[in-house]
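These notes are about the structure you will find just below.
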Amino acid sequence: MSAWVLPDHIADVLPSEARHIEELRRQLLDTARGYGYELVMPPLLEHLESLLSGTGEALDLQTFKLVDQLSGRSMGLRADTTPQVARIDAHLLNRRGVARLCYCGPVVHTRPDRPHATREPLQFGAEIYGHAGLEADTEVLRLGLDCLHAAGVQGPVIVDLADARIVRALFAGVPVDAAAIARVHAALAAKDTSTLRELTEGFPAASREGLLALVQLYGDAAVLDEADRVLPASAGVRAALSDLKQLASRLDGARVSFDLADLRGYAYYSGMRFGIYTDGASDALVRGGRYDEVGAVFGRNRPAVGFSLDVRELVGVLPARPLRAAIRAPWSDAAGLGKTIAELRSQGETVVCVLPGHESEIDEFHCDRELVERDGQWRVQAI
């Protein structure tokens, strides 16, 4: 095999896509800053026990592991940034009130998390720590929508809502182990009613009927009324349904759907969870929700809600951006040319100096103007 062939699901990013990714990264961070989110930059690798504390088996399997040659301790390349941001909130900032934090950096996965995905996403995210109310949930949802709008996503988007508390309430008092719960979750996610019937044999009647009902509870706002009718009237179920109704009413102009059996990240989320889709897409561009227990392993269990997206994936669904017009200049020591070029660059212009002998080569920046000398002065003119 050639030495220059990259591993599976790892790819170079070439100039045109790289430029789009970098422009989008700046737009997303500026959008978050407009809401008051502060940028943090956690390290790409850290000690494994810190990186994976409280994250569950799924993230453990996605994490590349190595041995630190300085200390001999096990280290990992992060597969998700949220645990690191929770550590920063708990131990480095340790604020008494609300903390709004955002980030954008690479994460590395041992396997692609879905077909055709990269194993090196560029993860952007925004998180609120310290507020348990629906106000924080609403803000995170609105910011996620605004990020897609700023990125230039065309056509309608759909916000799909669920709540982890519903299934937790249905499992309350059911004497099953974690493995059995995982199997039930898998059957719910696949909407496999026959398997779910087998797995819930022997469950209390209310729990079994509620879990089976979840398979059909997806669609528009009428789903919540149906859920109110067929699910057990426990406090956890009622609170979750009430919150979902309020959140949907606050997302003006967005199409909202519900899938109460969608349990992706069930071991992670503690309340509302959401995905934002473009019309007709099978995978969400934005995923997030409430994960109040995320800071517990760091000694500070306080409310948390947020979302993340892969900038590289987002670029893949956007139309290509036109190049910003540039100015072509000759490579010369002529008087005044260097000063003119420096002034143009300081004003934000791109000036490309054509090296001698390369005048006929491809113009990567599609220069639409050029510097020409007239009466001892260098001037910009259209090509």
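It should be emphasised that the depicted structure is a prediction, and the values quoted were computed from it without experimental measurement.
- A donor-acceptor pair under 3.5 Å is absent between the side-chain atoms of T195 and the main chain of D192, judged by distance alone.
- Taking 4.5 Å as the limit, some side-chain heavy atom of T81 sits within range of a side-chain heavy atom of P42.
- Of the residues listed (H131, E139, E38, E127), the one engaging R100 in a side-chain hydrogen bond (donor to acceptor under 3.5 Å, both in side chains) is E139, and it is the only one.
- Looking at Y37 and L143, their side chains come closer than 4.5 Å, going by heavy atoms from C-beta outward.
- A salt bridge links D243 to R165: at least one charged side-chain nitrogen sits closer than 4.0 Å to a carboxylate oxygen.
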Task: Stepwise side chain to side chain contact (heavy atoms under 4.5 Å, CB included) check, V107 with D310 - done: CA-CA 10 Å; V107 296; D310 178 5; over 6 Å; no
TODO: May I have the step-by-step check of side chain to side chain donor-acceptor pair (under 3.5 Å) for Q381 and R374, ending in yes or no?
DONE: CA-CA 11 Å; Q381 71 172 26; R374 290 182 180 173; 2.6 Å; yes
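- Residue-environment remark: NE2 (H149) stays at or below the threshold of 12 foreign heavy atoms within 6.0 Å.
- Taking both residues in full, the closest heavy atoms of V67 and G72 are given as CG1-O, 3.8 Å, listed atom of the first, atom of the second, then distance.
- A salt bridge does not link R19 with E22: none of the charged nitrogens is closer than 4.0 Å to a carboxylate oxygen.
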- [ ] Could you go through the salt bridge (Lys or Arg N to Asp or Glu O under 4.0 Å) check for R273 and D163 one step at a time?
- [x] CA-CA 6 Å; R273 56 145 303 279; D163 198 301; over 6 Å; no
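- A salt bridge links D225 with K245; the closest basic N to acidic carboxylate O contact falls under 4.0 Å.
- For Y291, the ring-ring contact (aromatic ring centres under 6.0 Å, His included) criterion is met by Y268, not counting sequence neighbours.
- The pair R197-E201 does not meet the salt-bridge criterion, since no charged nitrogen lies less than 4.0 angstrom from a carboxylate oxygen.
- Salt bridge annotation for R142-D137: absent, with no cationic side-chain nitrogen under 4.0 angstrom from a carboxylate oxygen.
- Residues R238 and D228 are paired through a salt bridge, judged by an N-O separation under 4.0 Å between the basic side chain and the carboxylate.
- Proximity of a side-chain donor or acceptor of W378 to a complementary backbone N or O of A335 within less than 3.5 Å is detected.
- In this structure a side-chain-to-backbone donor-acceptor pair under 3.5 Å is missing from Y277 to D283.
- Judged purely by distance below 3.5 Å, without hydrogens or angles, the side chains of T63 and D60 never pair a donor atom with an acceptor atom.
- Judged purely by atom type and a 3.5 angstrom limit, R312 uses its side chain to pair as donor or acceptor with the backbone of E120.
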- [ ] Check the pair V317 / L314 against side chain to side chain contact (heavy atoms under 4.5 Å, CB included), numbers first and verdict last.
- [x] CA-CA 6 Å; V317 303; L314 181 55; 4.1 Å; yes
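- Each side-chain hydrogen bond (donor to acceptor under 3.5 Å, both in side chains) pair with one or both residues in residues 329-357, not counting sequence neighbours, appears once here: E349-R369.
- Note on D113 versus R119: no salt bridge recorded, every NZ/NE/NH1/NH2 to OD/OE distance being 4.0 Å or above.
- Counted within 6.0 Å of CZ on R321, heavy atoms from surrounding residues, nucleotides or ligands total more than 12; the atom is thus considered enclosed.
- R379 places no side-chain N or O within 3.5 Å of a backbone atom of E373 that could act as its donor or acceptor partner.
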Open item on the list: Applying side chain to side chain contact (heavy atoms under 4.5 Å, CB included) to L241 and I166, what does each step give before you reach the verdict?
Closed with: CA-CA 8 Å; L241 294 176; I166 294 174; 4.0 Å; yes
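- Here the options are L101, V294, D80, the test is side-chain contact (heavy atoms from CB on, under 4.5 Å), and the partner is V85; only L101 passes.
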Open item on the list: For E313 and L309: C-alpha separation, side-chain torsions, deciding distance, then whether side chain to side chain contact (heavy atoms under 4.5 Å, CB included) applies.
Closed with: CA-CA 8 Å; E313 179 185 34; L309 60 86; over 6 Å; no
Open item on the list: Run R290 and S270 through side chain to side chain donor-acceptor pair (under 3.5 Å) and show every step you take.
Closed with: CA-CA 6 Å; R290 180 163 286 279; S270 61; 6.0 Å; no
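- Summarising the local packing, CZ of R114 is surrounded by more than 12 heavy atoms from other residues, nucleotides or ligands at distances under 6.0 Å.
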